Amino acid sequence: MSDHKAKSEVVAQLVRLARKERLSYDEFAYVCQQARKKLKL
């Protein structure tokens, strides 16, 4: 699997989860920020 495809899969899963949990924009931004921090990006 290419790196680009792997990234888009992760993004798709994040978006699916955010919709399922009905996160607001601010909550979703916080989740993304924490994910970047954990992954050291």
Side-chain angles (χ1 to χ4, degrees):
M1 185 185 309
S2 74
D3 189 42
H4 179 72
K5 185 160 170 57
K7 284 180 187 174
S8 62
E9 292 274 326
V10 171
V11 169
Q13 286 182 343
L14 268 174
V15 170
R16 211 174 301 125
L17 272 171
R19 285 187 181 141
K20 189 177 132 196
E21 298 297 327
R22 300 189 187 284
L23 297 181
S24 71
Y25 179 82
D26 288 339
E27 290 167 330
F28 183 67
Y30 175 77
V31 169
C32 292
Q33 180 185 37
Q34 293 305 305
R36 283 194 300 269
K37 193 183 275 187
K38 288 261 187 223
L39 296 170
K40 295 179 172 46
L41 298 176

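Note that the structure is predicted; figures quoted are calculated from it, not measured.
By the 4.5 Å side-chain criterion applied to Ile, Leu, Val, Met, Phe, Trp and Tyr, Leu17 is assigned to no cluster and stands alone.
Residue Ser8 holds its OG atom at 10.0 Å from CD of Gln13, rounded to the nearest 0.5 Å. Here the straight-line distance linking atom NE2 of His4 with atom CD of Glu9 works out to 10.5 Å at 0.5 Å rounding. Note that the CZ atom of Phe28 and the CZ atom of Arg19 stand 9.0 Å from one another [nearest 0.5 Å].
The shortest heavy-atom contact between Arg22 and Glu27 is O-OE1, 4.1 Å.
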